[in-house]
Protein chains: 2
Amino acid sequence: MPAQTPIGLQLTRGAKEISAAFNDALAEAGGSLPVWVVLISLKTRRLGNQRELARAVGIRGATLTHHLNAMERDGLVTRRRAPDNRRIHLVELTEQGEALFHRLRAAAVAFDRRLRTGVSDEELATFASVLGRMHRNVSGVDRPAGPRPGGPE
Amino acid sequence: MPAQTPIGLQLTRGAKEISAAFNDALAEAGGSLPVWVVLISLKTRRLGNQRELARAVGIRGATLTHHLNAMERDGLVTRRRAPDNRRIHLVELTEQGEALFHRLRAAAVAFDRRLRTGVSDEELATFASVLGRMHRNVSGVDRPAGPRPGGPE
DNA sequence: TATTGTTATACTCTATAACTATA
DNA sequence: TATAGTTATAGAGTATAACAATA
């Protein structure tokens with residue numbers, strides 16, 4: 001007899017508000033969720049081109065271009081062509097981009113602390129583990145990537 | 001020494017994809033996440049007016065109007081003024097709306113089964129409990145409800 | 001012809017502000 | 001004047017399709 005909790009809906013709705021709160025925390029520090037993910041990817045990984053960056057961020061190439069345009073306009077990144085293969089655009093953080101990265105990291109850490117209040121390390125580990133399994137359970141490669149909610153949206 | 005898992009980001013990103021998969025499952029059944037939540041609220045609760053409905057769904061009144069316009073156009077609901085207080089619009093499911101509700105419920109149940117694969121009842125209970133606590137931890141009433149990310153926003 | 005990225009356009013979900021109708 | 005809801009407008013995030021540049 002399986003549990004009857006509608007966990008999909010519960011997760012979707014709960015996470016929507018938690019994500020909104022996370023985004024608010026990042027906005028107060030001058031960023032946003034997609035910008036934060038792009039910055040992390042740029043700092044953390046050695047990425048060859050924008051396609052890899054888009055994949056790491058979990059969005060399409062054209063959508064990444066959209067964000068990079070804004071980030072370049074705001075002086076957070078520079079784009080230049082790679083000398084050896086001029087099709088590739090090298091994306092690099094400016095000093096301002098570095099500074100924003102550190103501010104957003106502090107905001108993210110503070111948000112995490114708030115989020116974890118009253119949650120034991122063991123519970124947190126279980127939570128993360130289950131989340132990961134659920135993610136894999138539904139991350140079929142069969143999804144042809146239509147328009148995404150909002151999102152949600 | 002607190003755990004160092006960046007759980008906020010992990011949750012936000014994981015849930016984004018899980019929500020997208022959920023929405024896809026609902027879309028295959030002819031619906032969407034917001035439509036599903038509206039239908040559930042209409043079926044489950046006795047709601048006096050659209051404001052209460054909007055609150056139950058977690059969106060603003062104008063946003064609800066937007067969805068109800070589409071749902072009315074699609075023949076899922078009807079709106080008529082309450083005889084005793086003609087300011088209030090009574091929202092009611094049509095037969096088509098009822099039918100869609102049942103199709104979406106089946107899709108949601110199937111999605112949940114898929115989501116829960118390899119997750120014990122005990123783990124699921126912990127997961128739901130932690131999610132609820134996290135939600136409360138960041139659901140400050142101080143958030144003045146600005147524009148929400150897509151997508152979840 | 002294949003690869004990398006950009007531009008043009010559009011869609012979904014959400015919101016606020018201004019408005020109409022009713023009380 | 002207060003309440004219920006709609007209309008008008010906007011904005012963030014995402015996507016596909018068509019295009020340009022490079023190899």
Side-chain angles (χ1 to χ4, degrees), chain A residues 12-13 16-17 19-20 23-24 26-27 31-38 47-55 57-74 77 79-91 143-153, chain B residues 12-13 16-17 19-20 22-24 26-27 31-38 47-55 57-73 77 79-91 143-153:
Chain A
T12 292
R13 301 196 65 189
K16 176 185 151 196
E17 292 197 36
S19 297
N23 197 65
D24 286 345
L26 295 172
S32 72
L33 211 28
V35 165
W36 174 226
V37 180
V38 168
L47 295 161
N49 57 37
Q50 287 189 198
R51 288 214 166 159
E52 287 180 32
L53 180 55
R55 264 206 98 218
V57 172
I59 56 180
R60 298 281 151 166
T63 305
L64 178 62
T65 295
H66 169 77
H67 289 298
L68 290 180
N69 285 346
M71 292 174 75
E72 194 170 34
R73 173 174 44 69
D74 294 345
V77 299
R79 278 183 284 190
R80 62 189 175 83
R81 291 186 181 270
D84 52 321
N85 181 348
R86 291 181 44 77
R87 283 180 301 197
I88 291 175
H89 288 203
L90 299 173
V91 182
R143 204 146 44 77
R148 291 286 154 258
E153 80 340 159
Chain B
T12 292
R13 301 195 65 191
K16 177 184 150 195
E17 293 196 35
S19 298
F22 191 22
N23 197 65
D24 287 345
L26 294 172
S32 72
L33 210 27
V35 165
W36 175 225
V37 180
V38 168
L47 295 161
N49 57 37
Q50 286 188 199
R51 288 213 166 159
E52 287 179 32
L53 180 54
R55 265 206 98 216
V57 173
I59 56 180
R60 298 281 153 164
T63 306
L64 177 62
T65 294
H66 168 77
H67 289 298
L68 289 180
N69 286 345
M71 292 175 74
E72 194 171 32
R73 173 175 44 69
V77 300
R79 278 184 286 190
R80 60 186 176 85
R81 292 187 180 267
D84 52 322
N85 181 346
R86 289 181 46 76
R87 285 179 301 195
I88 291 176
H89 288 203
L90 299 174
V91 182
R143 206 147 41 78
R148 293 285 154 260
E153 336 179 52

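In what follows, every chain begins at residue 1, and chains take the letters A, B, ... in the order their sequences are listed.
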What is the distance, to the nearest angstrom, from the [atom1] atom on [X] to the [atom2] atom on [N]?
X: A:Glu72; N: C:dG5; atom1: CD; atom2: C1'; result: 13 Å
X: B:Arg55; N: C:dT14; atom1: CZ; atom2: C1'; result: 18 Å
X: A:Asn23; N: C:dC13; atom1: CG; atom2: P; result: 18 Å
X: A:Leu68; N: D:dA12; atom1: CG; atom2: P; result: 16 Å
X: B:Leu53; N: D:dT3; atom1: CG; atom2: C1'; result: 17 Å
X: A:Arg80; N: D:dA21; atom1: CZ; atom2: C1'; result: 18 Å
X: A:Asn49; N: C:dA2; atom1: CG; atom2: C1'; result: 14 Å
X: A:Ile88; N: C:dT3; atom1: CD1; atom2: P; result: 13 Å

Using the side-chain heavy atoms of [X], tell me which of these nucleotides is nearest: [options].
X: A:Ala62; options: C:dT14, D:dT14, D:dA17; value: D:dA17
X: B:Thr63; options: C:dA15, D:dT14, D:dA4; value: C:dA15
X: B:Lys16; options: D:dA23, C:dA15, D:dT14; value: D:dT14
X: A:Gln50; options: D:dG13, D:dT6, C:dG5; value: C:dG5

Touch class at under 4.0 angstrom, heavy-atom based, for A:Arg51 against every strand present: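 It contacts base atoms.
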Touch class at under 4.0 angstrom, heavy-atom based, for A:His66 against every strand present: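 The answer is base, as A:His66 lies within the cut-off (heavy atoms under 4.0 Å) of a base atom.
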Exam field: side chain A:Asn49 to backbone A:Glu52, donor-acceptor pair closer than 3.5 Å: yes
Below 4.0 angstrom from OP1 or OP2 of [N], is there any side-chain N or O of [X]?
X: B:Arg87; N: C:dA23; result: no
X: A:His67; N: D:dA12; result: no
X: A:Arg60; N: D:dT16; result: yes
X: B:Asn69; N: D:dT7; result: yes
X: B:Thr65; N: D:dT7; result: no

B:Gln50 and its side chain to side chain contact (heavy atoms under 4.5 Å, CB included) partner, picked from B:Leu90, B:Leu68, B:Val57: B:Leu68
Earlier contact from the 5' end, DNA chain D, for B:Asn85 and A:Arg81: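 The residue mapped nearer the 5' terminus is B:Asn85.
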Closest approach of A:Arg86 to A:Arg81 (non-hydrogen atoms, all atoms of both residues): O-NH1, 2.5 Å
Least distance between heavy atoms, B:Ser19 atom then B:Leu33 atom: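 Nearest heavy atoms, B:Ser19 then B:Leu33: O-CD2, 4.2 Å.
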CZ/B:Arg55: more than 12 non-hydrogen atoms of other groups inside 6.0 Å: no
